Amino acid sequence: MTSSKTIVLRSSDGATFEVDEAVALHSLMIKHRIETGGADSTTIDVPEVTGNTLSKVIEYCKKHVEAPNSDDLKSFDTDFVKVDQAVLCHLAKASYYMNIKGLLDLSSKTIADMFKGKTVEQIRETFHIKNDFTPEEEEELRKENSWNLFV
Amino acid sequence: MDSLPDAIVQYIISNLTNAKDVASCNCVSKKWKDSTPYITRLYFPRSIFDHLSNGQTPDTVVLKMISSLSRLEELVVYCRFTNIGLASWLLHTGTSLKSLELRMDDLVDQNTPTNGPSKLECIQAARNLESLKLWGVLMMRAPKWDVFKKLNVLEIVGAKLEDSVLTEALRSTPNLTHLVLLGCDGLRNVNIELLELKHSKLDFYGSASCSLTLKAPKIEHLEIQGSSWIKVQETSCLKNLSIANSAGRVYMVDFGKLMALESLSIRGVQWSWDAVSKMLHFASEVKHLYMKIEFTGDFEALLPFPEINFVDFFNSHPKLKTFDIHGAMFAALCHKNSLKSVDSSFVIPCLEEVVITVRSPLNAEQKMSTLEALVKFGNNLKKMKIRILQMRSAHCSVDDFFEEVCKFRFMNHKLVSIE
């Protein structure tokens, strides 16, 4: 096996994380940066992601790179997303920017599962979303969707 | 969540499938209102439109939702709809629809529309369908379908149709690999020819003596319920076979060689002895065998099974790994001469698991001998389960028999369990 080269990832708030190159390459964005950055690219900035989120993303990549065929991968994933909605949203955003499909799919699906069976109000509350419809628009929507008891 | 870019919101929402959830998302905020175009699967549950008002119909609400999607691949509709509605939806989904599941409810609601093509005929518009599932279909005549070239899976649950209608409908689906027909009423002589068919589950009811002729040279998995005459000639790929008839008799089975057969299940009230012995004869390579037939006999009279020679039986099924046998058939293995050709060189090499269901205490001694023989000659036997069912306990021999079985279990406690 080749030498275990390490890469340093720097988050938006200056936190640095040293990871094995193989783990870092799980992010196609980082892979691209390394391939186009030249031989000196040992520190890579990830300004779209904060330290807390980056550390979780690295945890995900580590598990998936080091033990991709393990039996407990599924339960790892299930436990990994047992976090609150804010963290999930940060993970979705980070995996989108860092181009980590597995994590994007996992976090998106988990967030989507949180909408199921909820009324519109409940969805807004859970995710702190502002209702930016005008009263007229709201009335229109209500009429169109009167069949949906969740409105 | 508010700070998530549109692309991510749309990606998240594309995971939703229930139309209620999709409709709710459209009302959350302005950004969310148009974030549903990437949904690829849409499901309308049965009761979703129970509270319609304002002149809306299920047809129009479904259409509005489908129109906002850029590429619908799977549509499941359990709520009521009309042929006109269906036609309008399929016009919109065009060639992207791969999977369609509809609750037709023809059998409940027998109003055939006088305006336009039937619901079945409207399905024609989804030319690229790969999977079609229909619930409750009344096929008075074969739908005028062109060929569904890509259709691999067809499932019809609850149908009323005649032989010729079925044959003709299947002419439009020549590339089927999976065919499921459950609760099909009205069929008498079924003739199916599907050259790509691999999996099939056929359940006929109504007439207890339906005949089935199947030409499917690639068939691997076949389950048949409710047929009395079965002919399947090309069976070189058949791995799993189950034949059952709980309402009528199985008179005749005509199968090609079953060299690839790994598991066989034969069940029913009455099978002709010819049919039973033929199945057992051809299934010589079988690893898993399940036998639950109450009686034999070629005519009305329900007869018990003739004796089955224990040694011959296991020698002719040398690969047998799991074996599940019930009542009357087990009794046949326990005739007084069944064990006569047992000698010390006899062995049951691969048998690992046995389940025996006993219904009567008659011939208790023979039964115990057979159980002992199984343990003695089954070198690899790991588990034996003895199920004792519905025995009338007024007979004192029942208690004696039960005691014998318990003793047997005690002597072989690592292997044997009783239910």
Side-chain angles (χ1 to χ4, degrees), chain A residues 48 50 53 81 84-101 103-134 136-151, chain B residues 1-36 38-65 67-68 77 79-81:
Chain A
E48 299 93 355
T50 64
T53 308
V81 286
D84 73 47
Q85 57 86 22
V87 176
L88 274 175
C89 291
H90 286 133
L91 281 174
K93 204 166 162 186
S95 56
Y96 178 76
Y97 283 121
M98 293 177 74
N99 203 338
I100 305 170
K101 188 167 193 304
L103 183 56
L104 179 59
D105 285 343
L106 179 62
S107 43
S108 305
K109 187 164 190 310
T110 309
I111 297 173
D113 285 345
M114 291 167 80
F115 303 159
K116 290 181 184 170
K118 284 202 167 72
T119 64
V120 176
E121 260 318 305
Q122 286 169 339
I123 297 177
R124 285 180 188 146
E125 254 178 59
T126 310
F127 293 95
H128 310 298
I129 299 170
K130 192 167 176 301
N131 174 6
D132 55 357
F133 289 118
T134 66
E136 296 81 28
E137 285 169 336
E138 180 111 34
E139 185 51 39
E140 181 73 44
L141 279 173
R142 226 168 254 287
K143 255 202 232 150
E144 264 177 31
N145 290 282
S146 58
W147 56 268
N148 186 359
L149 296 176
F150 289 150
V151 172
Chain B
M1 186 87 182
D2 258 340
S3 67
L4 281 181
D6 289 358
I8 302 183
V9 175
Q10 288 169 358
Y11 195 77
I12 292 171
I13 291 180
S14 72
N15 281 292
L16 294 176
T17 53
N18 191 318
K20 268 185 147 161
D21 294 327
V22 176
S24 300
C25 283
N26 273 320
C27 298
V28 167
S29 76
K30 279 193 176 145
K31 179 152 94 174
W32 284 47
K33 189 167 193 304
D34 298 311
S35 291
T36 61
Y38 301 117
I39 290 176
T40 56
R41 298 164 57 203
L42 201 48
Y43 159 58
F44 291 87
R46 203 172 169 118
S47 57
I48 191 172
F49 295 123
D50 282 354
H51 300 275
L52 272 181
S53 59
N54 297 340
Q56 291 175 315
T57 61
D59 291 348
T60 54
V61 179
V62 171
L63 180 62
K64 186 158 195 291
M65 234 186 259
S67 312
S68 66
V77 181
C79 63
R80 61 196 157 91
F81 63 94

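What's counted below: heavy atoms across the whole structure, side chains too, no hydrogens, waters or symmetry copies. First the proteins, then the strands, lettered A, B, ... as listed; each starts at 1. In this text the structure is predicted, and so the values were computed from the model without any measurement.
- Here the side chain of A:Asp132 pairs no donor or acceptor atom with the backbone of B:Ser29 at under 3.5 angstrom.
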Listed pairs under 3.5 Å, donor-acceptor, residues 110-117 of chain A side chains, sequence neighbours left out:
from	atom 1	to	atom 2	distance (Å)
A:Thr110	OG1	A:Leu106	O	2.7
A:Asp113	OD1	A:Lys116	NZ	2.9

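- Nearest heavy atoms, A:Leu141 versus B:Lys33: CD2-CE, 3.7 Å.
- Shown here for B:Ser24 and A:Val120, the closest heavy-atom pair between the two residues is O-CG2, 3.5 Å.
- Along residues 55-63 of chain B, the residues that come nearer than 4.5 angstrom to chain A, judged on non-hydrogen atoms, are B:Gln56, B:Val61 in order of number.
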Could you walk me through whether B:Lys31 and A:Ile129 pass the side-chain contact (heavy atoms from CB on, under 4.5 Å) test, one step at a time?
CA-CA 10 Å; B:Lys31 179 152 94 174; A:Ile129 299 170; over 6 Å; no

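- For A:Glu138, no part lies under 4.5 angstrom from a heavy atom of chain B.
- Interatomic distance, B:Cys25 SG to A:Lys118 NZ, rounded to the nearest 0.5 Å: 11.0 Å.
- Closest non-hydrogen pair, B:Ala23 versus A:Asn145, comes out as CB-OD1, 3.9 Å.
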With side-chain contact (heavy atoms from CB on, under 4.5 Å) as the criterion, how do B:Val28 and A:Phe127 come out once you've worked through the C-alpha distance, each side chain's angles and the decisive distance to 0.1 Å?
CA-CA 11 Å; B:Val28 167; A:Phe127 293 95; over 6 Å; no

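- Within a 6.0 Å radius of CZ in B:Arg80, no more than 12 heavy atoms belonging to other residues, nucleotides or ligands are found.
- Rounding to the nearest 0.5 Å places CG of B:Asp21 at 7.0 Å from CD1 of A:Ile123.
- With a threshold of 4.5 angstrom between heavy atoms, B:Asp50 does not approach chain A through any atom at all.
- Of the atoms belonging to B:Ser14, not a single heavy atom falls under 4.5 Å from chain A.
- Within a 6.0 Å radius of CZ in A:Phe133, other residues, nucleotides and ligands contribute more than 12 heavy atoms.
- Atom SG in A:Cys89 sits 6.0 Å away from atom CD1 in B:Ile12 (nearest 0.5 Å).
- Between B:Ala19 and A:Trp147 the shortest heavy-atom distance is O-CH2, 4.4 Å.
- The two residues A:Ser108 and B:Tyr11 have their closest heavy-atom pair at OG-CD2, 3.3 Å.
- Heavy-atom pairs under 4.5 Å with chain A peak, among B:Asn26, B:Asn18, B:Leu16, at B:Leu16.
- Interface check for chain B: of the options A:Asp105, A:Leu88, A:Asn131, the most heavy-atom pairs under 4.5 Å are formed by A:Asp105.
- In the displayed structure, B:Lys30 atom NZ is contacted under 6.0 Å by more than 12 heavy atoms of other residues, nucleotides or ligands.
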